[in-house]
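One structure is given below, encoded as structure tokens.
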Amino acid sequence: MIPYGRQRISKSDITAVVKAMKGEFLTTGPKVGEFESNLSEFVGAETIAVSSGTAALHCAYSALDLKLGDEVITPPLTFIATQATASMFGAKIRFADVQPDTGNLDPSKVEAVISDKTRAIVAVDYAGHPAELSELADLAARHNILLIEDAAHSMGSLYKGNHIGGIADITTFSFFPTKNMTTGEGGAVSSKNPKLLNRIREFSRQGLIRDKSRFEYENEGPWHQEVQNFGLNYRLPDVLCALGISQLNRIEEFKELRQKVFQEYFRNLGSINNLRLPTVREYVDPMWHLFPIRVPPNKRKSIFEALREAGIGVQVNYLPAHLHPVFTKQGYKRGNFPISEQFYDSEISLPMHASPELTNKRYHKKIAKILELHLGD
Ligand SMILES: *Cc1c(COP(=O)(O)O)cnc(C)c1O
């Protein structure tokens, strides 16, 4: 089975990890700062490495000091971690529907959901295609709230010529093996706001403060460190940072390979009836995490099964968040966000990763044949 997503590990990755394992520090050592500094340079904003994309989102919300009753606005078409981590602070999730072509948060649907309890707009770069960041940032600024970008799919993507990471108030990344680069498990949080960054760093390191100038205790002794707000352990170990450093060195190569796969899909599937391929806005340059196709909803299941039977490890991304039982028991139901629901009903994710096997002619012919068989009139 060809998986929908997969890591690309080289000898240099393995060498880097082994070297880190032979070193003095398995965690809290020099590889952490090196990875963070390389990430910061790449995305164009200071970046903190954490243990997963979920941890990164939890850290982002911690920086807002989210409290019971606060609200955050998210699209339904995302992985549930976008909502789960805000809900953990007692925040209420307000949904705004997505654009029918990109699957990204629709700015024109956001304003109606903003209230005096709203603390943040959370955009998700579905499939790696950046959301409408300018419009959303303007909206957030006008209402004096923050824009958070869940960029789990879009490490390496460009928006209006700028790398994802330095655009929203806070950006979060995931380095899970299917994502654009990997550390096994891992993630990162970027921001240009020092106050937010301080809180994020603290939250991800048990809330411990070591900066003397901020101590509430005076003259306790040279061992002293103190906690003023609770945090958790979301550190990324040196061993994984070493893998991250090595992977980040090759991200442009990964991007090119993914772009090639994207182009091959377009070339081979472009003329099939009743098949919708991804849209690309002219002001973005995505690093593709998914290749989402859309088919008539009544044929989705049979096409999905036929592809799986042929060894193509397709997926569906995503069951809209508001349709998970955790939200339906709060009263959400089908019909609430029709664009996300229609997107879900018709979506299949074809394999997308930086592997030469996905540019193979026979592979593409096989997929085209299955789709033609099911979609031809
Ligand atoms: C993968 C993903 C996450 C969570 O990242 P993990 O590293 O798996 O914790 C969050 N949001 C989106 C949109 C994702 O795809």
Side-chain angles (χ1 to χ4, degrees), residues 3-7 35 39 47-62 72-88 93 95-96 98 102-105 120-131 133 136 147-157 164-165 168 170-190 200 203-204 232-237 240-241 243-244 247-248 258 278 286-292 315-322 324 326-327 340 343-344 347 349 351-353:
Y4 90 99
R6 172 202 278 167
Q7 67 276 20
F35 185 37
L39 282 169
T47 302
I48 298 168
V50 295
S51 54
S52 70
T54 306
L57 283 160
H58 203 197
C59 289
Y61 294 128
S62 83
V72 299
I73 299 170
T74 77
L77 194 71
T78 179
F79 183 56
I80 194 80
T82 315
Q83 286 88 16
T85 42
S87 301
M88 289 292 168
I93 306 300
F95 292 102
V98 300
T102 61
N104 284 333
L105 187 59
I121 300 169
V122 187
V124 178
D125 301 329
Y126 181 81
H129 187 300
L133 299 172
L136 293 169
L147 176 63
I148 297 178
E149 185 178 2
D150 179 346
H153 296 187
S154 58
M155 182 78 191
S157 296
I164 295 301
I170 306 175
T171 306
T172 67
F173 299 102
S174 165
F175 305 135
F176 189 71
T178 58
K179 304 290 164 74
N180 294 354
M181 57 170 269
T182 192
T183 58
E185 298 281 359
V189 193
S190 300
I200 288 163
F203 185 75
S204 67
L232 295 166
N233 173 5
Y234 282 153
R235 292 186 296 260
L236 191 65
L240 298 185
C241 287
L243 177 55
Q247 286 262 307
L248 186 60
R258 286 173 178 267
M287 179 158 175
W288 292 100
H289 164 58
L290 301 172
F291 191 87
Q315 287 275 8
V316 169
N317 302 88
Y318 294 95
L319 174 70
H322 70 284
H324 278 283
V326 72
F327 280 115
S340 296
F343 201 107
Y344 162 69
E347 200 268 346
S349 301
M352 171 55 84
H353 35 95

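Both backbone and side-chain heavy atoms feed into the values below; hydrogens, waters and symmetry mates do not. When a ligand or atom number is given, it counts from 1 through the structure's own listing order.
F175 pairs by the ring pair (Phe, Tyr, Trp, His ring centres under 6.0 Å) definition with F35, not counting sequence neighbours.
For atom 15 (O) of ligand 1, the nearest protein heavy atom (residue, atom name, distance) is H153 NE2, 2.9 Å. Here the heavy atom of the protein found nearest to atom 12 (C) of ligand 1 is A152 CB, 3.4 Å. Distance from atom 2 (C) of ligand 1 to its nearest protein heavy atom, with residue and atom name: K179 NZ, 2.7 Å.
Between G53 and ligand 1, a contact under 3.5 Å exists for at least one N or O pair.
Residue E185 places no heavy atom under 4.0 Å from ligand 1.
Between the H353 side chain and the P3 main chain, a donor and an acceptor come within less than 3.5 Å of each other. Listed for the Q315 side chain is no donor-acceptor partner under 3.5 Å among the backbone atoms of P351.
Residues L133 and I164 meet the side-chain proximity criterion, which asks for heavy atoms closer than 4.5 Å. When side chains are defined from C-beta on, I121 counts as touching L105, because their heavy atoms get closer than 4.5 Å. Residues M181 and F173 fail the side-chain proximity criterion, which asks for heavy atoms closer than 4.5 Å. Annotation: side chain of F327 is in contact with side chain of Q83 (closest heavy-atom distance under 4.5 Å).
Here Y318 has side-chain heavy atoms under 4.0 Å from ligand 1, and that is the only part of it that gets that close. Residue contacts with ligand 1 for T78 involve side-chain atoms from C-beta outward but no N, CA, C or O (heavy atoms, distance under 4.0 Å). Contacts between S52 and ligand 1, counted as non-hydrogen atom pairs separated by less than 4.0 Å, involve both the backbone and the side chain.
Per-residue contacts place T54 under 4.0 angstrom from the following atoms of ligand 1 (heavy atoms of the residue considered): 4 (C), 5 (O), 6 (P), 9 (O). Atoms of ligand 1 found under 4.0 Å from any heavy atom of D150 (numbered from 1 in listed order, with element): 10 (C), 11 (N), 12 (C), 13 (C).
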